[in-house]
There are 2 protein chains.
Amino acid sequence: MESVTPAGPSATLYQRIRRDIEANILSGLWPPGYRVPFEHELVEIYACSRMTVNKVMTDLATAGLIERKRRAGSVVARPRAQQALLSIPDLKAEVEGRGARYGYELLYRERRAARRADADRLGVQPRSPILALRCRHRTDGRPFALEDRLLNLSEIPEAEREDFSVVPPNTWLVGYVPWTGAEHSISACHADAEAAALLEIEPGHACLSLERRTWRGNGSVTAVTMLHPGHLYRLFARFTP
Amino acid sequence: MESVTPAGPSATLYQRIRRDIEANILSGLWPPGYRVPFEHELVEIYACSRMTVNKVMTDLATAGLIERKRRAGSVVARPRAQQALLSIPDLKAEVEGRGARYGYELLYRERRAARRADADRLGVQPRSPILALRCRHRTDGRPFALEDRLLNLSEIPEAEREDFSVVPPNTWLVGYVPWTGAEHSISACHADAEAAALLEIEPGHACLSLERRTWRGNGSVTAVTMLHPGHLYRLFARFTP
DNA sequence: TCGATCGATATGTATAGATATATTCGGTGG
DNA sequence: CCACCGAATATATCTATACATATCGATCGA
């Protein structure tokens, strides 16, 4: 028996229709493939105009809950590929948000012409000007992130005037450079001798590696690899349709 | 100078208006806080009815690009916290999509009353009925994922009739159980002796651990821990506003 | 039997107007 | 000066209608 809530002044007609249909789908009463009532049937059920139920159905289709086809009607969609929203906050804000003390050091800074490896990582022409940085982030004194970053000076020449000895590159970038696209790759790896020394862990320790490339329009802005000791950092993602 | 594309038969009026406004916002021409033209102004600009521009504006607000207030008008919203869309596809589909051979084995299956540890992981009352599964996934014969899963039989009693010896739990769940929320936690860890044996790697090898809990409405549906050898698996996330 | 055509039907898109509601702004009286 | 009231205004929601478009299915002809 499908649920049709009685008319009430508490919600709009749109909300009531949408809530009813969503309830029927999410409860499993209408399984994937089930044919949702036609618009004209809903018009009769709710005694309203077609525009109102059309908006509900169009929005449900946008949300991915149903699929619509002309002439055939609408059916409950089978759940999509699982996706989750991954939050990638500013490390400083994240650490301080947990009440811990945040520490930052610039370990290395070099302006240079892009080598082949740099060019591949950043997606620029070899020999174009870049800024290479290596930084260490601490929480309550313990290293918890090693940052290897390349900045494309052709796209953001302002970066050359910033020395990054006090302001972390990510904080500076978020504040000054708008970006239009980013790509992340998350994997697990072993710390090599150099990284282990800098993170103050034993060589071979499991680490979470987060690589990110960021674009503005067609131009590559920055490429970064963040290495976190596995026991000190985890990423969270959440999804609610 | 704001962009107003000339009328063309290639797109609907709705799409044209939406594309224009999105272009003005994403290009930075209309910065956060900028007051978007009133609906009645857009009606004049595009010589159309208010319903059409209202639909555009309502959808833009739903998408988070603008914020609307009665009497005050609409303004460009300030960018959200950095977020990326993480794809967590069906392993079978992912492996076969790359042209590799997918393999699946059920290692363990037990229907039992939830122990304390199970209850904590799954978010149910102790002693409620659950199904515990352990599975192994292979790509071209090599193990690349160890799956430890709990299913809440109070929510999905149908799961008891499925033996999961051929169909992986995730594939079955995606097809038959709609879910309304999920939470993921990603970290790096060392493989213990048992996991290492099952994944055919040396103990202590770096692994990517993905924990997921899934709800339907208020009820917990399933909790799963996927363990991947670090060198065989990586997660990708992408973001474009 | 196969295939082209055509009508029925459900959704897609847009119009024009009406009422409702929240919020700002200006004035008014204590 | 401030509290309060009411007008103006922009969005929120809904109705009734119209025509466009895709597609299923039946009918008819080669």
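Letters go in sequence order (proteins before strands), and every chain restarts at 1.
- OP1 or OP2 of D:dA12 has not a single side-chain nitrogen or oxygen of A:T12 nearer than 4.0 Å.
- Minimum heavy-atom separation, A:P168 to A:H137: CB-CE1, 4.2 Å.
- The CG atom of A:N54 sits 14 Å away from the C1' atom of C:dT15 (whole-angstrom rounding).
- Across the protein-nucleic acid pair, B:K55 atom NZ and C:dA16 atom P stand 18 Å apart, rounded to whole Å.
- A residue-by-residue look at A:C48 and B:M57 shows that B:M57 has its nearest nucleotide of DNA chain D further toward the 5' end.
- One can place CD of A:E39 at 18 Å from P of D:dT21, the figure rounded to the nearest angstrom.
- The separation between B:F38 atom CZ and D:dA8 atom P is 17 Å, rounded to whole Å.
- Residue B:M51 contributes atom CE, which lies 14 Å from atom P of C:dG17 at whole-angstrom precision.
- Using a 4.0 Å heavy-atom criterion, one finds that A:K69 contacts the sugar-phosphate atoms exclusively.
- Between A:H40 and C:dT9 there is no side-chain N or O to OP1 or OP2 distance below 4.0 Å.
- Ring geometry for A:Y233 against A:F144 counts as tilted: the plane angle lies between 30° and 60°, on a 0 to 90° scale.
- With hydrogens and angles left out, the side-chain atoms of B:T225 and B:D148 include no donor and acceptor closer than 3.5 Å.
- Rounding to whole angstrom units, CD of residue A:E67 and C1' of D:dT23 are separated by 17 Å.
- A:S74 has a side-chain polar atom (N or O) that falls below the 4.0 Å cut-off from OP1 or OP2 of C:dT11.
- Dashed line: the shortest gap from a side-chain N or O of B:T58 to OP1 or OP2 of D:dT11 is not under 4.0 Å.
- Side-chain contact of B:N24 with B:Y34: a donor-acceptor pair under 3.5 Å is absent, judged by distance alone.
- More than 12 heavy atoms of other residues, nucleotides or ligands lie within 6.0 Å of NZ in A:K55, so this atom counts as buried by the packing criterion.
- We find that CZ of A:R71 is positioned 11 Å from P of C:dT11, with the value rounded to whole Å.
- As rounded to whole Å, 15 Å separates atom C1' of D:dT11 from atom CG of B:D59.
- When the nucleotides D:dT11, D:dC14, D:dT21 are ranked by their closest atom to the side chain of A:R70, D:dT21 comes out on top.
- Interface remark: the B:R50 side chain does not form any donor-acceptor pair with the C:dA14 base, using a distance-only criterion of under 3.5 Å.
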